[in-house]
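These notes concern the structure reproduced below.
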Amino acid sequence: MIDLHTHTLFSDGELLPSELVRRMAALGYEAVGLADHVDASNLDFVIPRLVKVSEDLNLGQSVRVVPGVELTHVPPAQIGGLVAKARTLGAKIVVLHGETVVEPVAPGTNRAGLEAGVDVLAHPGLITAEDAAMAARKGILLEISGRAGHSFSNGHVAKMAREAGAGLVLNSDAHAPRDLMTEDFGRRVVEGAGLGKGAHSELLQNARRLLEKIGCAR
Ligand SMILES: [Zn+2]
Ligand SMILES: [Zn+2]
């Protein structure tokens, strides 16, 4: 299993990166993306620390740890600049907190993230066909979310992605130990989105391909 969207106590997660990763090792994960919430206030604080702990953890245990961020509630006009800054600071995966149906995310956030070339557009809510087509063109993965609330629109995201030919990825958006998905639960989330039985391994393969692309595959 791979989970590219998790939170630690460097934002609003409950666990230190080391405990999160140890718990994921115990569940049989092969790779994890640490994607704490950032905006202009904390990007330069969070990223170097996640980079450091990822380097250390990658020497000492089995789960491949990838430092990233989740740009969250950033004004759309500023997303492009912060994506570039996050990469300069060492974030290997840039996730964008998309237009989930359960929060007042600024309209235009999905589009700004796609234009900026994020790696994963998380919980993109009622994503439009145009934006799904842009994700397909740019190879940006759309997220099927295991998180309560964000997952309300999984069926719509799955449908838009299929129609546009965009890649999908399954993430937990975990903030606490109980949020980490077992393989069985992940399969049910994917099937529940209407994607059918074979899709779970397809989504896992998409996550693996992204890790290969950014040079973080084992
Ligand atoms: Zn959060
Ligand atoms: Zn989010």
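Below, each value reflects all heavy atoms present in this structure, side chains not excepted, and no hydrogens, waters or symmetry copies. Both counts, for ligands and for their atoms, begin at 1 and track the order of listing.
- Distances from the Zn ion (ligand 2) to each N, O or S atom of Glu70 single out OE2 as the nearest.
- Nearest N, O or S atom of His97 to the Zn ion (ligand 2): atom ND1.
- Listed by chain and number, the residues in a ring pair (Phe, Tyr, Trp, His ring centres under 6.0 Å) with His200 amount to none (sequence neighbours excluded).
- If you look at His175 and ask which of its N, O or S atoms sits nearest the Zn ion (ligand 1), the answer is NE2.
- In terms of distance to the Zn ion (ligand 2), the nearest N, O or S atom of His123 is named NE2.
- Backbone or side-chain N, O or S atoms of His5 do not reach the Zn ion (ligand 2) at under 2.8 Å.
- Among the backbone and side-chain atoms of His7, none of the N, O or S atoms lies under 2.8 Å from the Zn ion (ligand 1).
- Atom CE of Met24 is separated from atom CG of Asp3 by 4.5 Å, given to the nearest 0.5 angstrom.
- A salt bridge does not link Glu212 to Arg208: none of the charged side-chain nitrogens sits closer than 4.0 Å to a carboxylate oxygen.
- Comment: Arg147 does not engage Glu70 in a salt bridge, judged by the lack of any side-chain N to carboxylate O separation of less than 4.0 angstrom.
- Ring planes of His123 and His97: perpendicular class, angle over 60° (limits at 30 and 60°).
- Metal site remark for the Zn ion (ligand 2): Asp173 contributes no N, O or S atom at a distance under 2.8 Å.
- Using a 4.5 Å heavy-atom cutoff, the side chains of Leu195 and Leu168 are in contact.
- Not a single N, O or S atom of His150, from either the backbone or the side chain, sits less than 2.8 Å from the Zn ion (ligand 2).
- Under a cutoff of 6.0 Å and an axis angle of 45°, Arg49 and Phe45 form a cation-pi pair.
- Between the NE2 atom of His37 and the OD1 atom of Asp12, the angle taken at the Zn ion (ligand 1) works out to 80° after rounding to 10°.
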